[in-house]
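To start, the structure under review is shown below, and the notes come after it.
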Number of protein chains: 2
Amino acid sequence: MSAAPGRVPDGPRGRTGAEPRRGALDGPSDVASAGQHTGRRPGEGDTRGAILEAACDEFAAHGFDRATIRGIAAAAGVDPALVLHYFGCKAQLFGDAISFPVEPAAVVRRSAAAGIDGIGAAVVRSFLEGWEEGQNRRRLVALLRSAMTNDVALARVRDYLGRRIFGPVTRELALPDGELRATLVGSQLIGLAMLRYVTGSEPLASASQDDLVEAIGPGVQRYLTGDLGAAAPGGEERAGRS
Amino acid sequence: MSAAPGRVPDGPRGRTGAEPRRGALDGPSDVASAGQHTGRRPGEGDTRGAILEAACDEFAAHGFDRATIRGIAAAAGVDPALVLHYFGCKAQLFGDAISFPVEPAAVVRRSAAAGIDGIGAAVVRSFLEGWEEGQNRRRLVALLRSAMTNDVALARVRDYLGRRIFGPVTRELALPDGELRATLVGSQLIGLAMLRYVTGSEPLASASQDDLVEAIGPGVQRYLTGDLGAAAPGGEERAGRS
DNA sequence: CGGTTAATTCAACGGCCGTTGAGTCGACCA
DNA sequence: TGGTCGACTCAACGGCCGTTGAATTAACCG
């Protein structure tokens, strides 16, 4: 493009939160909340679970920094203070909402069953199923969104990659250049997740799992067991940063 | 590190204890700034350029939302108001700081010179050189970081991919399934950028360009000109979500 | 049926942020 | 030499945010 850098992001502080919907009486100083009367609610409802649901959605939609406790509380239909009553602080809430069952060796267990020639396809399929199973997708999108601007979320993504992708893969196949191979696989899978789940780039976003396994599996297979050229012969790379 | 879901990101915005209230009417009320005296500075310095530099760094380090005008001003050694004096608002500043020379067809021009069999390697090399040339790396990291939580930055990433990767590639090679091929290439390249430049995953982050071209080029080549299986035969693409 | 405990809201505090308007000072031109 | 204009800072406003402590109400247990 030329030199017309004009407009870029977002309004001053604008965000379309949930509606305030204040009740009858007026005059609370800060903001209006649910409008319910005070005290414990009758009946049983899983309020805590509702908060976790709402938090997961908000974090997935906006990332850690931009998601607000007030917004989460509004989405869950409760007062913001209740959120902190249950979870202590925003960071703790993030941790509880985003935590998901990591089955560390699931990828590689399938791979072993698939045999050495099918391991690329098995890794891709396992990755896709992991993302699209249950609540994982929302949680992982939230994690990926937050990781870009939040150090601890980034550390958690690293942990996810290391524990769920790199570790099992390099351990199972005791090949030379295991770490390089693992990060190459990781780069393809993370890129796939970004375009398919976060940005929703279109032919990729609605392709079937089968088609993706067919399209991407061979490349992953090559990263795992193929010839990578003279890359990382073992001796002379990584003068890198600290 | 950090096994339990317990502690997660960011320092609490919490109290620091002392400093009960601001004084009567002397002393700067908001925060202390550079301490320079008021009025125009003697000599000539490229203050505007310094602000742009600082903004680029801050946006790259924290993303759009978390970077602050006050922080940028402090890094540039000026008053926050001067930043707005030059750029109007934060969004405009982001646009000016992040804008970079897009040479739209650079990727494909090299590719044409490389011949059909070397196009994968040429695309990868061109991508790496584009990222590592001049200020592009900081700017692109800033863009990628911001894109996760900012719609306009995301749109700009989409534009970058479409204009610089997908568009040229699909136009040059008039192959069937051009869009699928282009997004597959994009997924590999974006994933590579994430791990190499944003998270700094280690064997990948300090590998040489040559090694990466050798390692990744063939996969990209296959996405561009190879057989992708039964993927996207043209008729029946998934009813999909949403 | 009284007392304890947990769930829930209310009201507010202090902090950082983007933005603004008014003022001060140096460079430059006639 | 005086005036204009742009560079630059100061001080503040209003807003949203995370967090807190006290008050209120329902469930639960003996």
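In what follows, chains are A, B, ... by sequence order, proteins preceding strands, each numbered from 1.
- As a whole-Å value, the separation of Ile69(B) CD1 from dA12(D) C1' is 17 Å.
- Here the closest heavy-atom approach between residue Ser146(B) and residue Phe59(B) is recorded as OG-O, 4.4 Å.
- Atom P of nucleotide dG18(C) and atom CG of Asp79(B) are separated by 13 Å, given to the nearest angstrom.
- In this structure, the nucleotide among dT19(D), dG18(C), dA7(D) sitting nearest to the side chain of Leu84(A) is dT19(D).
- When distances are taken from the side chain of Leu82(B) to each of dC17(D), dT9(D), dG18(C), the shortest belongs to dT9(D).
- Look at Thr47(A) and you won't find any side-chain N or O under 4.0 angstrom from OP1 or OP2 of dA7(C).
- Contact between the side-chain N/O atoms of Tyr86(B) and the OP1/OP2 oxygens of dG6(D) is not found at any separation under 4.0 Å.
- Defined by atom type and a distance below 3.5 Å, a donor-acceptor pair is missing between the side-chain atoms of Glu202(A) and Thr183(B).
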Give me the distances for all protein-to-nucleotides 23-25 of chain D N/O pairs that come in under 3.5 Å?
{"residue": "dT25(D)", "atom": "O2", "partner": "Arg40(A)", "partner atom": "N", "Å": "3.2"}

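- Side-chain proximity of Cys89(A) to dT19(D), dT9(D), dT19(C): nearest is dT19(D).
- For Thr149(A), the side-chain hydrogen bond (donor to acceptor under 3.5 Å, both in side chains) partners two or more places apart in sequence, or in a different chain, are Asp65(A).
- Computed from coordinates, the Phe59(B) CZ to dG18(C) C1' distance equals 12 Å when rounded to whole Å.
- Here Ala73(B) lies out of heavy-atom contact (under 4.0 Å) with every strand.
- Atom pair Ile72(B):CD1 and dC17(C):P shows a separation of 11 Å (rounding to whole Å applied).
- The side chain of Arg70(B) sits closest to dC17(C) out of dC17(C), dT8(C), dC8(D).
- The side chain of Ala81(B) lies closest to dC10(D), out of dT9(C), dG18(C), dC10(D).
- In this structure, CZ of Phe87(B) is placed 13 Å from P of dT19(C), rounded to the nearest angstrom.
- Judged by distance alone, with hydrogens and angles left aside, the side-chain atoms of Lys90(B) form no donor-acceptor pair with the main-chain N or O of Leu84(B) at under 3.5 Å.
- Residue Gln92(B) contributes atom CD, which lies 11 Å from atom P of dT19(C) at whole-angstrom precision.
- Residues Arg48(A) and Glu53(A) are not paired through a salt bridge, judged by the lack of any N-O separation under 4.0 Å between the basic side chain and the carboxylate.
- Going from atom NZ of Lys90(B) over to atom P of dC16(C) covers 16 Å, rounded to whole Å.
- The ring-ring contact (aromatic ring centres under 6.0 Å, His included) search around Tyr197(B) returns Trp131(B), not counting sequence neighbours.
- His85(B) has its NE2 atom 17 Å from the C1' atom of dG18(C), to the nearest Å.
- Salt bridge status for Arg70(A) with Glu58(A): absent, with no side-chain N to carboxylate O gap under 4.0 Å.
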